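Computed from a prediction, not measured in an experiment: that's the story for all the values here.
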Amino acid sequence: MASFTLHGIPVSRGISIGRAHLLTPAALDVKHYLVPEEQVEAEVQRLQDAIAQVHRDLEALWTDLPKDAPTELGAFIDVHALILSDPMISEAPLDIIRTRHYNAEWALVTQIDELSSQFDEIEDEYLRERKHDIQQVAERVLKVLMGTALPMPPPREDDDSYRPQMIVVAHDISPADMLAFRDRSFIGFVTDVGGQNSHTAIVARSLDIPAAVGLSQASRLIEQDDWVIIDGDAGVVICNPSPLVLEQYRARQAALLKARKRLLKLKKTPAVTRDGTPVTLLANIELPDDCPAALEAGATGVGLFRSEFLFMGRAGQQHKVPGEDEQFEQYRKAVLAMKGRPVTIRTLDIGADKPLDPTEHNALNPALGLRAIRYCLAEPQMFLTQLRAILRASAYGKVRILIPMLAHAFEIDQSLAMLRQAKATLAEENTKFDPAIEVGAMIEIPAAALALPMFIKRLDFLSIGTNDLIQYTLAIDRVDYEVAHLYNPLHPAVLQLIAMTIEAGKKAGKDVAVCGEMAGDVKLTRLLLGMGLREFSMHPAQLLAVKQEILNSDLKAIAPCTRKILRSMEPAEIAQAVEQLQAM
């Protein structure tokens, strides 16, 4: 097949080489994992058993039909039984299990998606509508399969032949759907839409998997099982590469792997600049299961626990919002996993590209609408439940509360009043918690950065969310790939807001961290150090590279260049000076 190259936006560094797996929305609803060779026939049998069970269910339905039932009901059951017996349903998915090693649910959905696309091309309206019958039959089989689901086999690091080599290709993948891929069934992501700092991109980085987004036509041009190379550093995707190109990228991939192994030696090395200034390196996590990776990278705590990921991907469940006990167990799990290190839990940051339920709210401009603390204050019972859960977890270790998207004094005051109420109810119940728990604010709205005394007076610490701060300062939707080229962390206005926040915190004796994507960008590490930042929070995968940059930095040499950058209003001058910083 002909080779071609697509250019998009780099969002997660590294190189992946594998087979394309085109992912449709329906396929996101089931688990994806590869079945080991010795378990393939058992997985085939599981699907055959599920199909046989649905046959029995349909026969029972037919037998139990009342005598006066409309004839259409019997015909409906007959049609479903015929569809279930068709080799395209009863045999083709078995071949997928045997050849691709997909688990039964994934194999069935893959086949149904293929059939559905074929039916969409049929001109006859009656025949075209039979697609829905096929999907209904598949749903019956899936329900049986999910009731007999086997635990996913653990990755076998000692067996190269078993390691998955699949790259997801999709039009778009929501942050909630991205969490379904944490089992490491895939080695890369390619999407038509998305931006450098969309939450999907952020999750890709947290999984430490190369990805490229904003490729426009990737899901149309790339075909199932095509060989694909993702150059995550350049945002380039090469489809069906020539043997020479493949060899070159395999060599680059091996070199990157060696460099990463060298970084592992820095795990226990304290993060101290060449002139002896200590720097705190924290980890951003989505779920408690991310804590081992944070510790493995040498993080001294969690600077940002994105609690919204506990709430997402639950649409259709009877209780969509996790209750207090469920939240408490997750927060406590993270606190215990960090073994005494501090854990900063951000309260629910729902809205914009992270809707709690996409079907319920469709604001004209969600980034400026009911999101984050605005959403929480509009749902006080839900907010109180979360605050109680966080407070209960604080009895098991050092916990801090971080409130997102604050802009007004009354939002701070109402949030603190809700926290006092949560403390009072727990005290009445004789439930243990840390009464002196620290509360901080996310500085991610320009109004907040320009009104810092209001925040410093009321709160214990500050954390700069650079992703949203850049978005709101430059009036750019960070999810929209059509304006992604305008998203610039080095814009002079952005740098001024960050610098004044760090300086104000320093004067007031309040800790200031950066927990946005700038903290994990090694090209910006020295610039942030020069601004006075001493607390970085990032994805565990980025931590050791940033630590290496800190170890090689001399603040006395950096300071004059940083002052020059902050005085400049010319983009070219700023970019050149940042390059000079990296060379020091």
Side-chain angles (χ1 to χ4, degrees), residues 9-14 194-213 231-235 256 259-260 263 266 271 273 279-284 297-299 303-304 443-444 463-471 473-474 476 478 484-495 497-499 501-502 512-553 558 561-562 565-566 571 574-584:
I9 301 166
V11 296
S12 188
R13 303 181 68 178
Q196 170 71 34
N197 286 284
S198 65
H199 280 277
T200 298
I202 291 171
V203 175
R205 283 192 285 272
S206 74
L207 294 174
D208 196 20
I209 293 176
V213 303
D231 184 339
D233 296 298
L256 287 171
R260 187 169 296 188
L263 283 178
L266 300 178
T273 62
V279 178
T280 302
L281 294 180
L282 305 167
N284 295 347
L304 176 62
I443 304 299
E444 50 193 341
S463 190
I464 304 172
T466 54
N467 307 339
D468 273 333
L469 183 62
I470 297 167
Q471 169 173 255
T473 302
L474 302 182
I476 293 167
R478 61 192 176 98
H485 63 287
L486 299 174
Y487 186 96
N488 180 16
L490 294 179
H491 190 287
V494 172
L495 297 181
L497 293 173
I498 294 172
T501 302
I502 295 171
V512 178
V514 168
C515 63
E517 292 301 292
M518 285 180 70
D521 189 340
V522 293
K523 298 188 296 294
L524 304 179
T525 300
R526 294 188 181 188
L527 174 61
L528 292 172
L529 286 171
M531 289 181 179
L533 186 69
R534 299 295 178 262
E535 191 169 307
F536 294 67
S537 189
M538 69 205 74
H539 301 297
Q542 300 161 328
L543 196 143
L544 289 176
V546 170
K547 181 185 282 189
Q548 184 179 54
E549 197 70 13
I550 290 169
L551 294 172
N552 293 329
S553 297
I558 288 171
C561 191
T562 303
I565 290 170
L566 292 176
I574 293 172
Q576 184 179 7
V578 169
E579 285 185 15
Q580 290 174 354
L581 267 180
Q582 289 179 267
M584 287 181 175

Do [X] and [Y] come within less than 4.5 Å of each other through their side chains, counting heavy atoms only?
{"X": "Arg534", "Y": "Ile502", "answer": "no"}
{"X": "Lys523", "Y": "Met518", "answer": "no"}
{"X": "Pro492", "Y": "Ile574", "answer": "yes"}
{"X": "Ile464", "Y": "Leu533", "answer": "no"}
{"X": "Phe536", "Y": "Val514", "answer": "no"}
{"X": "Leu304", "Y": "Leu282", "answer": "no"}
{"X": "Thr562", "Y": "Met531", "answer": "yes"}
{"X": "Ile470", "Y": "Pro489", "answer": "yes"}

Using a 3.5 Å cut-off and no angle test, enumerate the donor-acceptor pairs between side-chain atoms of residues 575-584 and protein atoms at least two apart in sequence or in another chain.
none

**Check against side-chain contact (heavy atoms from CB on, under 4.5 Å), Ile558 and Leu527** = CA-CA 8 Å; Ile558 288 171; Leu527 174 61; over 6 Å; no
Roughly how far, to the nearest 0.5 Å, is [atom2] of [Y] from [atom1] of [X]?
{"X": "Asp233", "Y": "Arg13", "atom1": "CG", "atom2": "CZ", "result": "5.0 Å"}
{"X": "Leu551", "Y": "Thr525", "atom1": "CG", "atom2": "OG1", "result": "11.0 Å"}
{"X": "Asn467", "Y": "Glu517", "atom1": "CG", "atom2": "CD", "result": "5.0 Å"}
{"X": "Ile476", "Y": "His491", "atom1": "CD1", "atom2": "NE2", "result": "8.0 Å"}

**With Asn552 via side-chain hydrogen bond (donor to acceptor under 3.5 Å, both in side chains) - residues at least two apart** =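 Asn552: no side-chain hydrogen bond (donor to acceptor under 3.5 Å, both in side chains) contacts found.
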**Asked** Given the rule in the side-chain contact (heavy atoms from CB on, under 4.5 Å) test, do Leu544 and Val546 qualify, once you have shown the distances and angles that lead to the verdict?
**Response** CA-CA 5 Å; Leu544 289 176; Val546 170; over 6 Å; no
I'd like to know if the side chain of [X] and the backbone of [Y] have a donor-acceptor N/O pair within less than 3.5 Å.
{"X": "Tyr487", "Y": "Leu474", "value": "no"}
{"X": "Asn284", "Y": "Cys515", "value": "yes"}
{"X": "Ser12", "Y": "Ile209", "value": "yes"}
{"X": "Asp231", "Y": "Gly14", "value": "no"}

**Request:** Output all residues satisfying side-chain contact (heavy atoms from CB on, under 4.5 Å) with Thr473, sequence neighbours left out; order by chain, then residue number.
**Result:**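 For Thr473 the side-chain contact (heavy atoms from CB on, under 4.5 Å) partners, ignoring immediate neighbours, are Pro446, Leu469, Ala493, Val494, Leu497.
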Provide the closest heavy-atom pair for [X] versus [Y] in the form atom of the first, atom of the second, distance.
{"X": "Ser537", "Y": "Gly303", "answer": "OG-CA, 3.2 Å"}
{"X": "Pro10", "Y": "Gly232", "answer": "CB-O, 3.0 Å"}
{"X": "Glu444", "Y": "Gly465", "answer": "CB-O, 3.6 Å"}

**Message:** Using the rule given for side-chain contact (heavy atoms from CB on, under 4.5 Å), can you reason through Leu281 versus Met538, listing the C-alpha separation, both sets of side-chain angles and the distance that settles it, and then say yes or no?
**Reply:** CA-CA 8 Å; Leu281 294 180; Met538 69 205 74; 3.9 Å; yes
